[in-house]
**Q** 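Encoded as structure tokens, here's the structure I'll be asking about.
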Amino acid sequence: IGFKDELGGKPLQNVTPELKVVQDADRLDAIGAIGIARTFTFGGRFNRVLHDPQVDARDQLTKEQYMSDRTAKQTTINHFPEKLLKLKDMMKTDAGRKMAEGRHKVMEDYLKQFYNEWEGLC
């Protein structure tokens with residue numbers, strides 16, 4: 001059960017405690033400093049544009065759009081608001097939520113610095 005399965009705010013039914021732990025672990029791997037590195041590795045591998053201010057993040061995606069809209073112009077930076085910044089609030093366990101707080105902050109701080117540098121503010 002992945003991110004796409006929870007788009008649209010539909011709560012999953014009959015989720016076992018074991019699945020919650022595995023799902024949180026997977027999501028924790030996607031965020032924070034290592035998640036940032038993984039995001040840029042993925043974007044580079046698929047020749048995705050780093051950032052284009054003219055390309056808006058698709059932040060209200062449905063499962064169908066997420067799965068089928070592969071032709072839409074996407075940027076690596078937009079992956080943060082489209083998915084990664086949402087994962088903190090999708091954690092299933094208390095431990096996962098606690099760990100996600102710090103990793104989420106790392107991403108927020110990184111993006112703030114990125115945008116400041118992009119705009120020539122620092």
Side-chain angles (χ1 to χ4, degrees):
I1 299 173
F3 171 78
K4 68 183 178 309
D5 298 308
E6 294 185 67
L7 288 173
K10 300 175 195 170
L12 299 175
Q13 304 297 319
N14 303 320
V15 178
T16 66
E18 294 84 3
L19 178 59
K20 290 178 182 181
V21 169
V22 171
Q23 194 172 44
D24 279 5
D26 182 57
R27 289 176 174 170
L28 287 167
D29 280 348
I31 62 177
I34 291 174
I36 292 169
R38 287 177 56 186
T39 299
F40 288 112
T41 298
F42 181 89
R45 166 67 179 87
F46 291 97
N47 298 314
R48 192 172 279 178
V49 173
L50 174 65
H51 178 55
D52 180 345
Q54 301 300 315
V55 178
D56 293 328
R58 306 167 304 150
D59 63 350
Q60 298 296 322
L61 291 172
T62 65
K63 180 180 179 179
E64 292 74 24
Q65 290 169 323
Y66 183 78
M67 296 302 296
S68 65
D69 201 8
R70 301 291 186 199
T71 59
K73 187 163 184 183
Q74 300 175 44
T75 72
T76 298
I77 286 295
N78 282 353
H79 187 62
F80 288 89
E82 289 175 354
K83 179 178 179 181
L84 302 180
L85 292 173
K86 295 177 180 181
L87 295 179
K88 173 182 69 87
D89 295 329
M90 297 173 78
M91 293 295 166
K92 304 287 191 254
T93 66
D94 290 339
R97 283 186 284 279
K98 184 175 180 178
M99 291 176 74
E101 290 290 332
R103 293 181 188 205
H104 185 86
K105 174 96 168 73
V106 167
M107 292 189 304
E108 288 179 324
D109 291 345
Y110 173 81
L111 289 169
K112 181 178 179 183
Q113 182 68 23
F114 177 90
Y115 289 123
N116 282 338
E117 290 182 23
W118 187 271
E119 296 295 327
L121 300 176
C122 57

**Q** Out of I36, I31, T75, which residue meets the side chain to side chain contact (heavy atoms under 4.5 Å, CB included) rule with F80?
**A**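 Of I36, I31, T75, side chain to side chain contact (heavy atoms under 4.5 Å, CB included) with F80 is met by I36 alone.
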**Q** If only atom types and distance count, is the side chain of R103 paired as donor or acceptor with the main-chain N or O of L28 below 3.5 Å?
**A**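 Such a contact is found between R103 side chain and L28 backbone.
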**Q** What are the two closest non-hydrogen atoms of L84 and A30, and how far apart are they?
**A**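 Nearest pair, atom of L84 first, then A30: CD2-O, 3.5 Å.
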**Q** Would you give the length of the straight line joining atom CG of N47 to atom OG1 of T76, rounded to the nearest 0.5 angstrom?
**A**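 Nearest 0.5 Å value for the CG-OG1 distance: 10.0 Å.
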**Q** Hey, could you give me the CD/NE2 distance between E101 and H104, rounded to the nearest 0.5 Å?
**A**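 Answer rounded to 0.5 Å: 7.5 Å.
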**Q** Measuring from atom CG of D24 to atom CG of L19, what distance do you get when rounded to the nearest 0.5 angstrom?
**A**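 Reported to 0.5 Å precision, the distance equals 9.5 Å.
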**Q** Which heavy-atom pair separates N78 from P81 by the least distance, and what is that distance?
**A**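 Heavy atoms only, the tightest pair is O-CD, 3.2 Å.
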**Q** Please say yes or no: joined through hydrophobic side-chain contacts below 4.5 Å, possibly via intermediate residues, are V21 and M91 part of one cluster?
**A**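 No, V21 and M91 fall in different hydrophobic clusters.
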**Q** Any salt bridge linking D109 with K105? Criterion: basic side-chain nitrogen under 4.0 Å from a carboxylate oxygen.
**A**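 Result for this pair is yes, salt bridge flagged.
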**Q** Is there a ring pair (Phe, Tyr, Trp, His ring centres under 6.0 Å) between F114 and H51 once you walk through the steps?
**A** CA-CA 10 Å; F114 177 90; H51 178 55; 5.6 Å; yes
**Q** At what distance, to the nearest 0.5 angstrom, does CE of M107 lie from NZ of K88?
**A**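 That separation rounds to 9.5 Å.
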**Q** Any ion pair linking D94 and R97 (charged N to carboxylate O, less than 4.0 Å)?
**A**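 A salt bridge links R97 with D94.
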**Q** State, to 0.1 Å, how close C122 and Q113 come at their nearest heavy-atom pair, and which atoms those are.
**A**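 Scanning both residues completely, I find the closest heavy atoms to be SG-NE2, 3.5 Å.
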**Q** Main chain of A57, side chain of E82: is a donor-acceptor contact present, judged purely on distance under 3.5 Å?
**A**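 Pair absent, no side-chain N/O of E82 close to backbone of A57.
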**Q** For T41 and F46, what are the C-alpha separation, side-chain angles and deciding distance, and is it a side-chain contact (heavy atoms from CB on, under 4.5 Å)?
**A** CA-CA 9 Å; T41 298; F46 291 97; over 6 Å; no
**Q** Can you tell me how far apart CD (E18) and CD (Q23) are? Round to the nearest 0.5 Å.
**A**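 So the CD of E18 and the CD of Q23 are separated by 13.0 Å.
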**Q** Using the rule that two of Ile, Leu, Val, Met, Phe, Trp, Tyr join whenever any of their side-chain heavy atoms come within less than 4.5 Å, decide whether Y115 and F40 are in one cluster.
**A**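 Yes, Y115 connects to F40 through the hydrophobic network.
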**Q** Quick one: does any side-chain atom of R27 pair with a main-chain N or O of K92 as donor and acceptor, under 3.5 Å?
**A**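 Not at all, since once roles are kept as given, no pair shorter than 3.5 Å links the two residues.
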**Q** Would you kindly confirm whether L85 and W118 end up in one hydrophobic cluster when ILVMFWY residues are joined by side chain heavy atoms under 4.5 Å apart?
**A**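 They do share one cluster, since a chain of ILVMFWY contacts under 4.5 Å joins L85 to W118.
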**Q** Step by step, would you call V49 with V55 a side-chain contact (heavy atoms from CB on, under 4.5 Å)?
**A** CA-CA 10 Å; V49 173; V55 178; over 6 Å; no
**Q** Could you tell me whether L50 atom CG has more than 12 heavy atoms of other residues or ligands within 6.0 Å of it?
**A**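 Yes - once you tally the heavy atoms of other residues, nucleotides and ligands closer than 6.0 Å, there are more than 12.
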**Q** Looking at every heavy atom in both A33 and V106, which two are closest together, and how far apart are they?
**A**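 Reported closest heavy-atom pair: N-CG1, 3.8 Å.
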